[in-house]
S.K.: 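Could you have a look at this structure, given as structure tokens, before my questions?
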2 protein chains.
Amino acid sequence: MRKRTPAKRRSGCPISFTLDTFGDKWALLIIRDLMFKGKRNYGEFLQSEEGIATNILSDRLKRLEEVGIVLKEVDPDNRRKFVYRLADKGVDLLPLLLEMILWGSKHDPKTEAPKEFIRRLERDREGVLRELRKRLRRS
Amino acid sequence: MRKRTPAKRRSGCPISFTLDTFGDKWALLIIRDLMFKGKRNYGEFLQSEEGIATNILSDRLKRLEEVGIVLKEVDPDNRRKFVYRLADKGVDLLPLLLEMILWGSKHDPKTEAPKEFIRRLERDREGVLRELRKRLRRS
DNA sequence: CTGTATCCTTAGGGATACTG
DNA sequence: CAGTATCCCTAAGGATACAG
């Protein structure tokens, strides 16, 4: 396969670093699926509404694993399968994703974000954060 | 010039929307420069450490203006020049950028983020947010 | 100085066939 | 099912020349 471009750092800026590390939109959509949609394996990611191609999915999973955001483990229920889940470094992206949800749902007239969730998030950011973090860590 | 790809929405997901709207890394670096580096005009953006090309800068500024994140105005000090600044929709990206700074400085061993700022941000997120927002709005 | 246009190369990625 | 490999085309973008 074509060699993936190694995530190359462009400067010492933390924003630039963040961007360069998790990479692009596809990677972030995978992270979203892990965080909020309870997806855990290849086939599920492939089903995403945005229609990721199988080669791209494969590539991004590998990259995310390399940079330590995602862990790949043998499925305890089925020794022949794998499950992906967020490493702590990935869970740490939660606040970032929540801010994306807030911005998106505020500025997109056609957003499909559940209103109750948004309202809760606006009112009690810390609480939502704590709860989701806990859930992700034990999953 | 080559027609820019119109930002195309991929789904109703707010995260996807956010990603599709402000676009890519280059756009976000411009926003960073507007937010934290006090840059206001073309030449200054061109100087960014990451080395954006002039055609890309031009393209991204246009796109950011189109989607209402950035405003382009005649420089009051020099009627022949322009200044760019964040529209409210752009200022709304502040929490997102702050989370990027936090994640980046936490996970990058070589980060250049000022430690005092990070500590303040961790302790008093709301305060920092309020202050920066105020500063951006009046600029 | 603030852009715009052109040229040209390469990485990204969709479609799809293939493998264990 | 869970990926990997190949094909092939397009868009992204660096370099740079040009324009107001």
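In the text below, chain A, chain B and the rest are named by the order of the sequence lines, each starting its count at 1. Just so you know, these numbers use all the heavy atoms, side chains as well, and skip hydrogens, waters and symmetry mates. Just so it is clear, the model here is predicted, and its values are computed rather than measured.
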S.K.: Distances under 3.5 Å between protein N/O atoms and the N/O atoms of nucleotides 15-18 of chain C, please, pair by pair.
M.R.:
| from | atom 1 | to | atom 2 | distance (Å) |
| --- | --- | --- | --- | --- |
| C:dA15 | N6 | A:N55 | ND2 | 3.0 |

S.K.: Whether the side chain of A:D24 engages the backbone of A:A27 through a donor-acceptor N/O pair (distance < 3.5 Å, no angle test) should be reported.
M.R.: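 A pair under 3.5 Å: yes.
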
S.K.: Would you say the side-chain atoms of A:Y42 and A:T54 include a donor-acceptor pair closer than 3.5 Å?
M.R.: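 Yes, A:T54 and A:Y42 have a side-chain donor paired with an acceptor closer than 3.5 Å.
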
S.K.: Does D:dG3 have its OP1 or OP2 closer than 4.0 Å to a side-chain nitrogen or oxygen of A:K72?
M.R.: yes

S.K.: Using side-chain heavy atoms (C-beta onward) and a distance below 4.5 Å, is A:Y84 in contact with A:L64?
M.R.: no

S.K.: If the threshold is 4.0 Å, N to carboxylate O, is there a salt bridge linking B:E66 and B:K62?
M.R.: no

S.K.: Using only side-chain N and O atoms of A:R80, determine if any of them is under 4.0 Å from OP1 or OP2 of C:dG20.
M.R.: no

S.K.: Would you indicate what A:Y84 reaches in the nucleic acid, counting non-hydrogen atoms under 4.0 angstrom: base, sugar-phosphate, or nothing?
M.R.: sugar-phosphate

S.K.: Taking 4.0 Å as the cut-off, does a side-chain nitrogen or oxygen of B:K62 come that near to OP1 or OP2 on C:dG3?
M.R.: no

S.K.: Decide, yes or no, whether a salt bridge links A:E73 with A:R40 under the criterion of side-chain N to carboxylate O below 4.0 Å.
M.R.: no

S.K.: May I have the distance from A:R63 (atom CZ) to C:dA11 (atom P), rounded to whole angstrom?
M.R.: 13 Å

S.K.: In this structure, how many angstroms lie between the P atom of D:dC1 and the CG atom of A:N41, rounded?
M.R.: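 Going from A:N41 (CG) to D:dC1 (P), I get 9 Å.
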
S.K.: Tell me: CZ of A:F45 to C1' of D:dC1, nearest whole Å?
M.R.: 15 Å

S.K.: Check the distance between D:dA12's P and B:L57's CG and give it to me in whole angstrom.
M.R.: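 Atom CG in B:L57 sits about 16 Å away from atom P in D:dA12.
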
S.K.: Between A:D75 and A:R80, is there a side-chain N and carboxylate O pair less than 4.0 Å apart?
M.R.: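 No.
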
S.K.: Tell me whether B:E126 is salt-bridged to B:R133, with the criterion being a basic N under 4.0 Å from an acidic carboxylate O.
M.R.: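 Salt bridge absent between B:E126 and B:R133.
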
S.K.: Establish, with yes or no, whether the OP1 or OP2 oxygen of C:dT2 is under 4.0 angstrom from a side-chain nitrogen or oxygen of B:K81.
M.R.: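 Affirmative; the distance criterion is met.
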
S.K.: Would you kindly give the CD1-to-P distance between A:I56 and D:dC9, to the nearest whole Å?
M.R.: 17 Å

S.K.: To the nearest Å, give me how far apart CZ (B:R40) and P (C:dG3) are.
M.R.: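 Atom-to-atom, B:R40 to C:dG3, this comes out as 14 Å.
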
S.K.: I need the CD1-P distance between B:I30 and C:dG3, as an integer number of Å.
M.R.: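 Spelled out: CD1 on B:I30 to P on C:dG3 is 11 Å.
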
S.K.: Less than 4.0 angstrom between a side-chain N/O of A:S58 and OP1 or OP2 of D:dG3, yes or no?
M.R.: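 A:S58 to D:dG3 OP1/OP2: no side-chain N or O under 4.0 Å.
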
S.K.: Given C:dG12, is OP1 or OP2 found less than 4.0 Å from the side-chain N or O atoms of A:R60?
M.R.: no

S.K.: Rounded to the Å, how far apart are B:W26 CH2 and C:dG12 P?
M.R.: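 Value for this atom pair: 14 Å.
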
